[in-house]
Amino acid sequence: MANTILLLDPDVLAFGELPEALQAAGHELVCLEDVERAAELLAEGAIDLVLVEARAASLLAELGVLDEAGPTWIAFDTFGNLSGASGAHARGAFAVLGRPAPLEEAQRTVERALQAHRLEQENRRLRAGRGTEFRLGGLVSRDPRCGELFELARRVAASATTLLVTGESGVGKSRLAAAVHGLSPRAGRPFVEVNCGALAENLLESELFGHAAGSFTGARTAAEGKFESADEGTLFLDEIGTASPALQVKLLRFLETRAFERVGESKTRTADVRVIAATNVDLRSEVEAGRFREDLFWRLEVIGLELPPLRERPLDVQLLLEHFLEEFADLGSDAATIQPAALSRFFAHDWPGNVRELRHAVERGVLLAGGAPIGPEHLPPALGEGSARVPRRGLPPVPPTAHTPPPGAPAPAAAPTTRELVDPATPVAGWETTPLGPLREMLEGPERRFVERALEACGGSRKRTAELLDVNRSTLFNKMRKFGLLSSGSEGSGA
C-alpha cells in the first residue's frame, strides 16, 4: 500500500539510500529541510509517516504537530550519540534510529511504523463511529432497535408471560431468552433449552413431557420431561416452527392449563413453567399455509421480541469484533489485533450466519494468526472482499444407504455442486408465463424443485442435502415438510 512519507532533515542526504528504497517500494516521498514548512504540511493531515532528525522533531513538538492526533513518526539522531532517544520516546516517537541508520533496519522500522499507523487510523475511525451501547445479559449492541428490544425484554422479564423470540439463525435468540430468565424472579430456578428441530416427533414429545416405563421400545424406566425439569423456571423452545400438528395441540393445552401427561401414561401432571419460544421462520406465513395452528401462534406471541440480522447492524460488527478478539486473545496472545486488509473484509461481509458466524471467524483468525495481527489469510474463505458466501465445490460420493440402487443399477454420481444444481445463466423454464402474484408464492415452485433435485442427487441423505444447499438440517426438514416431501423416499434418511 502506497503511503506519503515526509523526510525532514537539514541535510536530507543524511538518510542515505533509504529514500530510494522507499520510492522503490511504492511510497510517495516529500523531502524538506524547513521545519515551519513541514509543520504547515503536517497540519493539513496529508502525511502518513514522518522521518525526522531529532532536533527538528523537538521544534515540531513545540509547534504542536507531533501530538497523539498527528502521524506516526521516527526520530533519527546523530550516529553514536543517541542522547535524544529518551526525549523522542517521551514525545511519542515510534522508534529512534541512528543517523545514518543501516538500510535494512530502517526499512523494517518504517514498514512496522506504517502498519501501526494504519491500525491506529482504523481504530480512530471506528471510535468516531461508535454510538451508545445497549446491553442485556450477554447481549450487546449499538443499534437503537436493539436498545428498544432490550428495554421491552426488561419490562416483561418479571412476569410469567409467554414470549416469542424471532430472528434469523445465529442472531442470539437463546441468549436473549437466557437474559430474560436471568432478570426474572425465576432466575434461581432452572433454565432448560430444547431444540424442537433436532429431534424426531415421537422423541420430542417424550423429551418435553416425559414417558412411562415400557411406553416405547427402549423406555425401560419412567422418565420426567423438560416441563417437569423446568418446574418453577423457564423452558426455552427453540425452532418451535418445526413442531408437528399433534405436538402443537399438546403445547397449546399446556400453555392454557399448565397440565400434561407423560407419553404412555394417563395421570395428569402440572408444572409451573414460563415458556419462551423461538423461531427463524415466519410463523404468520406458516399459519396462513395451514402448517401452524393459529391459536397456538397467538398464545405464543403474547409478547414478540425480534432480533434484527447482523447485516442490518453495521456498528455491531465492530463492537462484536472487539468483544470476540478479547474473548479469544488467550488462543494467540494477550492482545489480539487485526490488519486493516482483514478488517475491511469483516465490514464488507453481509454475515448470513449472523453473530455466530462472526464469532467463529474471529476464533479461527486468532488461532491461525498465533499471536501476530490477524490477516486475510487467517480468515474463513467465505469472508472474501464483498462476498458473503463461497459456493460449495462439491461433496464426496454418496456412501451406501437405504437408497443405494440395487446391484446392477447405475451407481449414483458424486453429489453436484450448487452451480450444477442451478446455473444463474440458465433461465428457469416457464418463468416468463408464470402468473404474477405474491413473491413468496411465485418462488415456492422453483424452490420445491431445487430441494427435490438436491435430495435425489444426494441419494435421499438429508445431511448431505443440507450441506449441498448450505442450510442447516432443521431448515431442510422444514422445507421438506412445507413441500410435502417427507413422505418421499427421503423420509427415513437422516444421515
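The shown structure was predicted, so the numbers you read here are calculated from the model rather than taken from an experiment.
Atom OG1 of T270 sits about 7.5 Å away from atom CG of D231, to the nearest 0.5 Å. Expressed to the nearest 0.5 Å, how far CG of L379 lies from CD1 of I338 amounts to 6.0 Å. One distance of note links CZ of R112 with NE2 of H117; it measures 16.0 Å at 0.5 Å rounding. Distance CZ/R269 to CD/E261: 9.5 Å, rounded to 0.5 Å. Note that CG of L358 and NE2 of H323 are 10.5 Å apart. Values are rounded to the nearest 0.5 Å. L307 contributes atom CG, which lies 10.5 Å from atom CZ of R145 (distance to the nearest 0.5 angstrom).
Counting heavy atoms from C-beta on, the side chains of L251 and L237 come closer than 4.5 Å. Considering only heavy atoms from C-beta on, F254 comes within 4.5 Å of V275 through its side chain. Taking 4.5 Å as the limit, every side-chain heavy atom of I240 sits out of range of all side-chain heavy atoms of L296. When side chains are defined from C-beta on, F328 does not count as touching L367, because their heavy atoms never get closer than 4.5 Å. By the 4.5 Å heavy-atom criterion applied to side chains, K226 and V273 are not counted as neighbours. In this structure, the side chains of V362 and F346 come closer than 4.5 Å at one or more pairs of heavy atoms. Taking 4.5 Å as the limit, some side-chain heavy atom of L252 sits within range of a side-chain heavy atom of R293. Between V156 and T161, every side-chain heavy-atom pair lies at or beyond the 4.5 Å cut-off.
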Q: Starting from the C-alpha separation in whole Å, work towards a yes-or-no answer on side-chain contact (heavy atoms from CB on, under 4.5 Å) for F347 and Q318.
A: CA-CA 8 Å; F347 289 111; Q318 172 210 344; 3.9 Å; yes

request  = Start with the C-alpha distance between L469 and T465, add both sets of side-chain angles, then the distance that settles side-chain contact (heavy atoms from CB on, under 4.5 Å), and finish with yes or no.
outcome  = CA-CA 6 Å; L469 296 178; T465 302; 4.0 Å; yes

- For E327 and R359, what are the C-alpha separation, side-chain angles and deciding distance, and is it a salt bridge (Lys or Arg N to Asp or Glu O under 4.0 Å)? CA-CA 10 Å; E327 177 182 341; R359 185 177 189 274; 2.5 Å; yes

Q: Please lay out, stage by stage, how F297 and E286 fare under the test side-chain contact (heavy atoms from CB on, under 4.5 Å).
A: CA-CA 10 Å; F297 170 72; E286 294 295 290; over 6 Å; no

* Test log, rule side-chain contact (heavy atoms from CB on, under 4.5 Å), inputs L176 and I276 -> CA-CA 10 Å; L176 179 58; I276 301 178; over 6 Å; no

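Here the closest non-hydrogen pair linking V140 and L320 is CG1-CD2, 4.1 Å. Closest non-hydrogen pair, D316 versus S141, comes out as OD2-OG, 2.6 Å. For N354 against S169, the heavy-atom pair with the smallest separation is ND2-O, 3.0 Å. Between V171 and P308, the shortest heavy-atom distance links the atoms CG1-O, 3.9 Å. Scanning both residues, L136 and L183, for their nearest heavy atoms gives CD1-CD1, 3.4 Å. Minimum interatomic distance between V317 and W351 (heavy atoms only, all atoms of both residues): CG2-NE1, 3.9 Å.
Between the R274 side chain and the S159 main chain, a donor and an acceptor come within less than 3.5 Å of each other. No donor-acceptor distance shorter than 3.5 angstrom exists from the side chain of H360 to the backbone of E357, with no hydrogens or angles considered. For T162 (side chain) and V302 (main-chain N/O), no donor-acceptor pair under 3.5 Å exists by modelled atom type. Formation of a donor-acceptor pair under 3.5 Å by the K173 side chain with backbone atoms of E168 is found in this model. A donor-acceptor pair under 3.5 Å is absent between the side-chain atoms of S206 and the main chain of L203, judged by distance alone.
Residues passing the ring pair (Phe, Tyr, Trp, His ring centres under 6.0 Å) test with F260 are F209, sequence neighbours excluded. Partners of E151 by salt bridge (charged side-chain N to carboxylate O under 4.0 Å, His left out), not counting sequence neighbours, listed by chain and number: R154.
Other residues, nucleotides and ligands place no more than 12 heavy atoms under 6.0 Å from the CZ atom of R175. Surrounding CD of E326 are at most 12 heavy atoms belonging to other residues, nucleotides or ligands under 6.0 Å away. Shown here is E456, whose CD atom has no more than 12 heavy atoms of other residues, nucleotides or ligands within 6.0 Å. At most 12 non-hydrogen atoms from other residues, nucleotides or ligands lie less than 6.0 angstrom from CZ of R155.
A donor-acceptor contact closer than 3.5 angstrom is absent between the side chains of Q115 and E111.
Ring geometry for H181 versus F191: interplanar angle of 30 to 60°, hence tilted.
Screening E224, E228, H211 for a side-chain hydrogen bond (donor to acceptor under 3.5 Å, both in side chains) with R262, the sole residue that qualifies is E228.
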